[in-house]
Amino acid sequence: MAYWLMKSEPDVFGIDDLQRVQTAIWDGVRNYQARNFLRDQMHVNDEVLFYHSNARPAGVAGRAKVVRTAYPDPTAFDPKHRYYDPKSQPENPRWYAVDVAFVEKFRHFVTLDELRQHPALTDLLVLKRGNRLSITPMTAGEWEVIVGLGH
DNA sequence: GCCAACGTTGGC
DNA sequence: GCCAACGTTGGC
């Protein structure tokens, strides 16, 4: 069991969208380090904290879990899609996606500021200066603290 | 909208 | 392999 923080822009796809559809493909990852986490280390039932980026405020909106491990990202093969990448071919895929399922929306939205203030979260990768990774691992302890803040 | 930080691209 | 130019991310 692993614990992940996954960023999405709520204007594009937020926790409310996931709640509505319940299960969704997490596609559009176009960063090698994030892809490697997703492709090589994500397992079914891994915990996901759903982070709203490019939002006011930014922060953790709720929980999801992994329900399908990595498979080739179909949006990379679609020339009309904004995530299209001609260098990714079905016989040699460059980009991958997983499926995630809604678990809960936090009663209390945990803002980036609250994360920064908490002494147990100083090593959280998303708080590191300049961090742009859309998928980052965290420890079970960090996960528990953030879920506690959200409840 | 600004802009710092970062990743990727491509010429050499 | 270097590195300047460029594009993107994401908080504010």
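Scanning both residues, A:V60 and A:L115, for their nearest heavy atoms gives CG2-CD1, 4.1 Å. In plain terms, the two heavy atoms of A:L125 and A:N131 that are nearest each other are O-ND2, 3.0 Å.
Residue A:N54 contributes atom CG, which lies 5 Å from atom C1' of C:dG10 at whole-angstrom precision. Look at CG on A:L112: it is 6 Å from P on C:dG11, rounded to the nearest Å. Put simply, CG on A:D85 is 12 Å from C1' on B:dT8, counting in whole angstrom units. Across the protein-nucleic acid pair, A:N131 atom CG and C:dC12 atom P stand 14 Å apart, rounded to whole Å. Rounded to an integer number of Å, the gap from CD of A:Q33 to C1' of C:dT8 is 16 Å. We find that CZ of A:R56 is positioned 17 Å from P of C:dT9, with the value rounded to whole Å. The nearest whole Å value for the distance from the OH atom in A:Y51 to the P atom in C:dT9 is 15 Å. Atom P of nucleotide B:dT8 and atom NZ of A:K87 are separated by 11 Å, given to the nearest angstrom.
Distances shown here put every side-chain N or O of A:K7 at or beyond 4.0 Å from the OP1 or OP2 atom of C:dT9. Not one side-chain nitrogen or oxygen of A:R35 sits closer than 4.0 Å to the OP1 or OP2 atom of B:dG7. The side chain of A:R129 contributes an N or O atom lying less than 4.0 Å from OP1 or OP2 of B:dA5. Distances shown here put every side-chain N or O of A:K128 at or beyond 4.0 Å from the OP1 or OP2 atom of C:dG11.
By the 6.0 Å and 45° rule, A:R68 stacks over the aromatic ring of A:Y71.
Using a 4.0 Å cut-off between a side-chain N of Lys or Arg and a carboxylate O of Asp or Glu, A:K105 and A:D16 qualify as a salt bridge. A salt bridge does not link A:K65 with A:E47: every distance from a Lys NZ or Arg NE/NH1/NH2 to an Asp or Glu carboxylate oxygen is 4.0 Å or more.
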What does the list of N/O pairs under 3.5 Å between the protein and nucleotides 2-4 of chain C look like, with a distance for each?
none

Tabulate below the donor-acceptor pairs under 3.5 Å that side-chain atoms of residues 136-144 of chain A make, not counting sequence neighbours, or state none.
from   : atom 1 : to     : atom 2 : distance (Å)
A:T139 : OG1    : A:G141 : N      : 3.4
A:T139 : OG1    : A:E142 : N      : 3.0
A:T139 : OG1    : A:E142 : OE1    : 3.3
A:E142 : OE1    : A:T139 : N      : 2.9

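Considering only side-chain atoms of A:R116, the nucleotide from C:dC12, B:dG7, C:dG10 that sits closest is C:dC12.
Not a single donor-acceptor contact under 3.5 angstrom links the side-chain atoms of A:R30 to the base of C:dT8.
Ring centroids of A:H108 and A:F106 are separated by 6.0 Å or more, keeping the two rings apart.
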